Amino acid sequence: MASEGWYRNEDGLLEKKYDPHAALRAKQYERRLKEHQAGKVAAQSYSTNNAQTVSARVEIVRARAAQKREEKIGKARKFNQRHHERRRAAATTTAKHLMVDSHQEHKAYMDEFHEAFGLPAREPAQTLLHNPKEYTGATSNRISSWHRNKELNKEDIRTRWQNGPVNPRGGLIDASDRPLLCLSVSSKGHDCVVGSADHAAYGFDPLCAVHEDDQKPKRTLYSKRSGHAEWVTAVAHLNDTNVLSAGMDGKLILWTGTRATELQSYGASISTLLVDANEPIALACAYDGASTLWRVNGHHDSTCIATLASGSSAPALCACWRNDLCLIGDRDGSISAYSTESCSLLGVWKEPCGHVVSLLATETDTSYISGSQDGCLRFWDQRISGKSPCIHTIEAHRSPRGAGAVGCLAEITGGNLIASAGADGHLRVWDTRNITAGAVRDYLCEAQPHCLAALGPMLISGDAKGNILCHDTLSSRSSCCWGLGANRGAVRALDARPDLLVAVGDDGNALVWSF
């Protein structure tokens with residue numbers, strides 16, 4: 001028994017001290033393992049039985065992980081190489097076309113990104129009518145025209161505004177330490193809401209702010225549970241109590257006081273927000289080329305009526321709305337015409353003009369006016385059939401030195417006059433009855449105008465250096481009636497009433513003047 005490795009202990013029991021056949025059993029295990037590998041497992045399998053030793057199996061796993069990593073890096077390197085080749089090719093083109101086609105380059109970049117990493121392709125937006133039974137069609141639009149359906153006394157406004165505000169210092173509201181990008185004043189003038197780059201919107205009473213300086217906003221439209229996660233790009237009053245705000249985070253939020261209801265949230269930033277003057281209808285235009293039409297009845301009864309897909313996938317920059325026709329201009333130089341009655345695309349109007357940066361629907365004419373990056377004004381008539389119902393093209397802000405984009409358009413109340421502001425620093429007034437005769441008035445500003453408002457015969461503009469200038473279009477003189485230093489940065493938005501002027505800009509302050 002001892003020869004086999006067994007011994008008796010002190011109690012007389014057999015005890016195994018060693019195994020004389022251990023080496024033989026190890027050889028049999030290795031032989032059976034090789035037979036199993038040859039017959040059952042493929043050579044490129046991830047099975048841990050592929051290698052004869054543990055260290056060899058670890059090396060194989062590391063080698064395969066390194067191979068996968070190199071394949072992934074190779075895909076990214078190939079993708080970046082194609083992107084850089086496209087950038088080098090674009091650098092050889094004329095500089096003025098680079099900015100125009102930047103959205104197309106971005107789209108191609110994202111398509112290649114999705115293809116290189118095996119992500120699903122992005123689907124273009126489609127026109128969808130979500131709740132046709134709940135919609136009867138929009139009637140009119142409120143675009144800086146709170147006085148629609150109101151008679152304005154031109155002589156009274158001219159007398160009030162010719163000599164400037166009562167107190168040139170004005171009332172200051174310290175809203176934020178970030179730029180203020182947009183504003184909206186209620187129809188009665190008792191509430192003003194401004195949108196900021198700090199992701200919040202602020203509300204105050206402009207009538208009280210005139211008499212008190214260095215105020216703080218009365219309410220902040222932002223909280224831990226509600227609000228925007230990016231810049232607030234547009235605000236609009238539905239009525240004296242309800243306010244809509246839109247941001248670069250793609251959110252459309254309804255506010256009543258400080259109570260918030262998020263109506264929509266998607267990836268594309270919202271650039272333009274329009275509301276109807278007679279019905280609780282809102283239109284939000286986004287950078288993905290799609291627009292959404294909403295009926296806003298309240299916090300628990302707001303519905304999306306339709307999603308309007310643009311004629312192109314370029315970002316929407318501006319919009320206008322009159323009766324049942326809505327126009328949306330984009331970076332591709334296209335104007336998409338929609339019927340708000342049927343929520344359908346009527347056509348796409350296009351001219352070689354660069355970005356369409358401003359649109360205007362006048363009350364005294366049946367035509368629509370667009371301002372483009374090439375410095376031209378174009379007049380469109382929807383009654384003309386064809387691909388491009390453009391009836392007039394006016395080189396409003398072009399000169400031998402170059403072209404200035406037409407960034408702002410305004411209708412001068414009480415006549416057939418419109419005003420245009422260009423990046424060339426000029427404000428020009430045009431008579432729509434004889435548009436080919438040239439500008440009726442031409443005013444030169446110190447800097448590029450960023451915003452424009454018309455009140456009766458008075459034309460008010462805010463420029464990139466923080467100045468507000470007021471011009472009397474009935475006067476033959478080319479100089480302004482008065483000017484104010486309204487901001488330490490650019491003036492981004494303003495709202496003019498017969499007895500009130502509100503302006504916001506890059507220094508984060510809102511200023512209010514009385515007349």
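Computed from a predicted model, the values in this text were never measured in an experiment.
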Polar side-chain atom of D507 near backbone of P179 as donor-acceptor pair, under 3.5 Å: no
R178 atom CZ, neighbour heavy-atom count above 12 within 6.0 Å: no
Test applied, side-chain contact (heavy atoms from CB on, under 4.5 Å); reference residue, L254; option that passes from V243, V296, N297: V296
Lys/Arg-Asp/Glu bridge criterion (N-O < 4.0 Å) met for R158, D156: no
H355 side chain vs R331 backbone, donor-acceptor pair below 3.5 Å: yes
Row check, Y368 ring normal vs R322 NZ/CZ: under 6.0 Å, within 45°: yes
Which atom of A319 lies closest to which atom of I328, heavy atoms considered: CB-CG1, 4.2 Å
Side chains of H199 and W231 in contact at under 4.5 Å (non-hydrogen atoms): yes
Parallel, tilted or perpendicular: ring planes of F379 versus H392, cut at 30 and 60 degrees: perpendicular
Under 3.5 Å: donor-acceptor pair, side chain of S186, backbone of D240: no
Donor-acceptor contact present, side-chain S271 to main-chain A316, <3.5 Å: yes
R295 side-chain N/O to A282 backbone N/O, donor-acceptor pair under 3.5 Å: no
Closest heavy-atom pair and its distance - V406, S420: CG1-CB, 4.0 Å
Student check: side-chain heavy atoms of L221 and V193 closer than 4.5 Å: yes
Heavy-atom side-chain contact between V275 and L244 under 4.5 Å: yes
From CA spacing to verdict: side-chain hydrogen bond (donor to acceptor under 3.5 Å, both in side chains), W380, S367: CA-CA 5 Å; W380 310 84; S367 61; over 6 Å; no
Under 3.5 Å donor-acceptor, N467 side chain and D463 backbone: no
Minimum heavy-atom distance between D191 and R219, given as atom pair plus value: OD1-NH1, 2.8 Å
Side chain to side chain, W430 and L409, heavy atoms closer than 4.5 Å: no
Test item: side-chain donor near acceptor, T256 and N242, under 3.5 Å: yes
Exam field: side chain R441 to backbone T473, donor-acceptor pair closer than 3.5 Å: yes
